[in-house]
Number of protein chains: 4
Amino acid sequence: MKEDTKMNIMTKATKLFAQKGFSETSISQIAKKANVGKGTIYWHFDSKEDLFFSIIKQKGKAFFDSVIKLKDSNKEPQEIIHEYIIKRVEFSDNNYDVAKMLINNNEMINRDFKEVIEKKHLEVLKVIENTIQKGIKTGVFREGNPHEYALMIINTANSANIFKDHGLKDSTEKSKAEKIFEFIMNGLKGKEDRNAEK
Amino acid sequence: MKEDTKMNIMTKATKLFAQKGFSETSISQIAKKANVGKGTIYWHFDSKEDLFFSIIKQKGKAFFDSVIKLKDSNKEPQEIIHEYIIKRVEFSDNNYDVAKMLINNNEMINRDFKEVIEKKHLEVLKVIENTIQKGIKTGVFREGNPHEYALMIINTANSANIFKDHGLKDSTEKSKAEKIFEFIMNGLKGKEDRNAEK
Amino acid sequence: MKEDTKMNIMTKATKLFAQKGFSETSISQIAKKANVGKGTIYWHFDSKEDLFFSIIKQKGKAFFDSVIKLKDSNKEPQEIIHEYIIKRVEFSDNNYDVAKMLINNNEMINRDFKEVIEKKHLEVLKVIENTIQKGIKTGVFREGNPHEYALMIINTANSANIFKDHGLKDSTEKSKAEKIFEFIMNGLKGKEDRNAEK
Amino acid sequence: MKEDTKMNIMTKATKLFAQKGFSETSISQIAKKANVGKGTIYWHFDSKEDLFFSIIKQKGKAFFDSVIKLKDSNKEPQEIIHEYIIKRVEFSDNNYDVAKMLINNNEMINRDFKEVIEKKHLEVLKVIENTIQKGIKTGVFREGNPHEYALMIINTANSANIFKDHGLKDSTEKSKAEKIFEFIMNGLKGKEDRNAEK
DNA sequence: AATGAATGAGGGTTCATTCAT
DNA sequence: GATGAATGAACCCTCATTCAT
């Protein structure tokens with residue numbers, strides 16, 4: 001089957017790109033790992049960049065779409081943020097390097113591709129932003145600029161990648177996502193201090 | 001003057017490494033940007049890697065040391081966290097890509113160098129951790145695992161890099177650091193909700 | 001045909017290495033002479049060293065093996081020395097520089113390769129040495145240390161390379177090999193003197 | 001003293017050229033070994049080649065001149081050949097690589113220099129040739145072509161270089177030169193055989 | 001569809017040479 | 001006389017890409 005070969009190449013390429021980055025991964029290495037000739041890769045993909053982008057598109061689309069779909073749910077704002085965190089952490093767990101690529105705006109990414117990604121990013125941002133706006137209105141979220149909050153949440157959630165490296169083990173009580181969510185919700189400040197604030 | 005040439009190379013190299021990453025930046029490009037011959041770079045640095053590491057070491061040391069020095073201050077926990085955020089944001093503002101390099105464990109980084117960086121990271125982590133422990137004791141910080149909190153704060157602060165890209169403009173009222181600090185302290189949850197919690 | 005390209009490269013490289021030595025011959029020159037791209041050389045050989053060694057191995061093996069095979073012949077000692085000289089002269093005639101490389105211990109030759117060559121050299125030495133020992137026993141060769149004689153014969157024969165440069169033209173009567181053989185056998189001393197010796 | 005610096009450079013350069021050859025020895029290495037700046041070498045010598053040739057000229061001249069002087073001696077032919085061998089062996093012992101350079105016609109040697117060397121070579125050849133001619137006339141040397149004999153003797157003596165590598169240790173009785181001389185004089189053939197010849 | 005030999009632009013690096021000091 | 005920072009041509013080698021099979 002045609003798709004088999006293509007998928008095989010993508011799978012193996014993903015592993016290599018994740019391990020060593022785009023530049024340090026060669027077509028030869030991918031070909032060897034995938035047990036195909038170098039020419040075969042060029043039959044399925046226009047270029048090394050095309051292969052790389054195909055992977056990001058494939059893996060990224062699932063994540064982005066699942067997040068964007070949240071806007072159509074009837075869930076409470078807090079629940080939506082919660083689910084976003086879960087999805088974001090899962091994405092980093094399963095596609096560490098793809099996630100990394102999507103966050104950093106590497107120069108090697110060509111313009112056309114960048115636009116596509118940027119659009120998706122903005123859609124996600126909008127979902128979070130709207131959610132926060134709704135939450136502020138209903139009083140479940142603190143007053144403030146929804147756009148700024150959205151960016152901060154996304155950025156905090158983006159740190160899931162690095163989070164992982166620093167070995168925050170999941171205790172039995174709460175998962176990594178749970179901890180991030182709670183931190184985003186409540187911050188560090190103690191109750192004493194909060195009471196004083198009032 | 002000798003130092004002038006070396007510094008010039010480092011400055012221009014930093015800009016290029018920041019724009020395109022290590023692999024995608026060539027010695028020729030750096031030489032051209034710095035207006036020196038390719039050989040001149042090799043007079044001042046042993047290799048491309050050496051140049052790269054020299055930059056990270058130079059810029060990174062100042063940041064790390066200034067943060068580690070915080071442990072000797074008599075300031076209140078909240079104030080220390082506050083200063084850390086300020087320093088971290090400044091670091092990202094002034095050395096965007098150096099900061100990025102220090103966060104990501106790129107494969108190409110050699111072992112010896114990695115160890116040095118890791119040690120610095122752990123020192124910083126310890127400073128934050130101890131600060132939080134003290135804060136929890138005095139009730140200014142929420143109960144919880146200081147180590148986990150420290151990691152989350154650092155990771156959140158690490159996101160300052162990405163933060164910047166997404167154009168969170170500094171309004172007149174509060175600087176970027178201020179906003180991150182407040183977010184870390186208070187989280188997103190509204191007061192209504194907090195009262196309910198009690 | 002694959003072998004054609006590889007052989008072509010080796011042939012042209014041999015000519016260049018012979019003319020200018022290893023260091024002074026560049027891959028670009030070889031590629032140009034062989035009418036192939038630089039990359040093609042690296043498809044067929046791991047490195048410039050590998051190409052160089054491949055040539056020596058290929059050409060050297062034939063010579064060494066043909067000499068070592070002499071030990072299994074039933075020929076008289078004199079005849080074996082005779083044949084060795086012929087083969088040695090032929091080798092220098094046909095592969096002047098390969099022969100030169102095999103004699104000189106160039107510093108750049110790596111250890112593993114040197115060992116292989118050294119072993120072959122010792123095998124040849126042993127063949128000559130045993131032949132001389134037999135000849136001394138039967139009285140056809142002068143008394144003396146067979147090992148030392150063998151070394152001297154080989155070294156004298158090695159001079160076939162330089163011999164050639166100095167233009168000792170082959171007269172009608174005797175070939176170059178014949179003259180070397182006779183010189184090795186009889187030396188320079190006149191008969192008068194020899195009689196006196198007795 | 002000026003000469004001191006120049007001589008120091010030449011001495012250290014000789015050692016390095018001998019160890020690693022012309023191409024593999026760099027001006028930097030020589031400068032370091034001689035404890036002078038790279039510029040200093042270029043003050044005393046026009047180029048790397050010039051330094052190399054200066055060394056060969058200096059060391060080679062002494063050898064060539066001492067050999068050529070033999071023609072003015074009143075010694076017997078045998079004695080002259082004997083002294084030539086001694087001088088040749090000494091030259092290889094003391095200036096292994098200089099001797100090697102003088103034998104091989106490396107392409108890197110420029111035309112002008114080659115001519116000078118070639119002339120010296122021919123002068124030496126003439127000395128040996130004339131000596132042999134005289135010896136043949138007086139019957140101490142075998143009949144034959146003096147020119148060819150001269151070349152063979154020189155080439156055999158040239159092998160002193162390689163001779164050395166193969167570790168022909170000097171026994172108490174005879175020095176390396178003595179053995180080469182005897183071999184040149186008498187050859188390998190046994191007395192039995194010689195008697196038969198008569 | 002698939003292959004892999006061939007290509008050449010470009011990469012990092014070395015080093016003989018120059019020149020201001 | 002002496003220095004060493006600076007230079008750039010040339011080196012070895014890699015690798016994305018092509019194309020005949």
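Below, chains carry the letters A, B, ... as their sequence lines are ordered, and counting in each starts from 1.
Whole-Å rounding puts the A:Lys6 NZ to E:dA2 P distance at 12 Å. Going from atom CG of C:Asp50 over to atom P of F:dT14 covers 12 Å, rounded to whole Å. Whole-Å rounding puts the B:Ile30 CD1 to F:dT7 C1' distance at 17 Å. B:Phe45 places its CZ atom 14 Å from the C1' atom of F:dA6, with the value rounded to the nearest Å. Between the CG atom of B:Leu16 and the C1' atom of E:dG11 there is a distance of 15 Å, given to the nearest Å. Distance CD (A:Glu24) to P (F:dA16): 10 Å, rounded to an integer number of Å. Nucleotide E:dA1 holds its P atom 12 Å from the CD1 atom of A:Ile9, rounded to whole Å. Straight-line distance from the CG atom of C:Asn8 to the P atom of E:dA6: 10 Å, rounded to whole Å.
When both distances must be under 3.5 Å, the Watson-Crick or G-U wobble mate of E:dA1 does not exist. Nucleotide E:dA20 is matched to F:dT3 when pairs are restricted to Watson-Crick or G-U wobble geometry with both distances under 3.5 angstrom. In this structure, F:dT14 and E:dA9 make a Watson-Crick or G-U wobble pair, each of the two defining distances being under 3.5 angstrom.
Here the side chain of B:Lys12 pairs no donor or acceptor atom with the backbone of B:Gln29 at under 3.5 angstrom. In this structure a side-chain-to-backbone donor-acceptor pair under 3.5 Å is present from A:Lys48 to A:Thr25.
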Q) Which is it for C:Ile30 and C:Phe17 under the side-chain contact (heavy atoms from CB on, under 4.5 Å) test, yes or no, and what are the steps along the way? A) CA-CA 9 Å; C:Ile30 296 170; C:Phe17 282 141; 4.1 Å; yes
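Positionally, the nearest nucleotide of DNA chain E for C:Lys38 lies more toward the 5' end than for the other of B:Gly39 and C:Lys38. The residue among C:Ile41 and B:Ile27 whose nearest nucleotide of DNA chain E is located toward the 5' end is C:Ile41. Toward the 5′ end of DNA chain F lies the nearest nucleotide of B:Asn35, the other residue of the pair B:Asn35 and C:Gln29 mapping further downstream.
A distance of about 22 Å separates the P atoms of E:dA1 and F:dT21, rounded to the whole Å.
In terms of phosphate contacts, B:Thr5 brings a side-chain nitrogen or oxygen within less than 4.0 Å of OP1 or OP2 of F:dA6. Between D:Thr40 and the phosphate of F:dT3, there is a side-chain N or O to OP1/OP2 separation shorter than 4.0 Å. A close approach under 4.0 Å does not occur between any side-chain nitrogen or oxygen of C:Tyr42 and OP1 or OP2 of F:dT14.
Closest to the A:Val36 side chain, of the nucleotides E:dA6, E:dT3, F:dA6, is E:dT3.
Remark: D:Thr11 engages no residue in a side-chain contact (heavy atoms from CB on, under 4.5 Å) (not counting sequence neighbours).
The local environment of NZ in C:Lys15 is sparse, with at most 12 non-hydrogen atoms from other residues, nucleotides or ligands closer than 6.0 Å.
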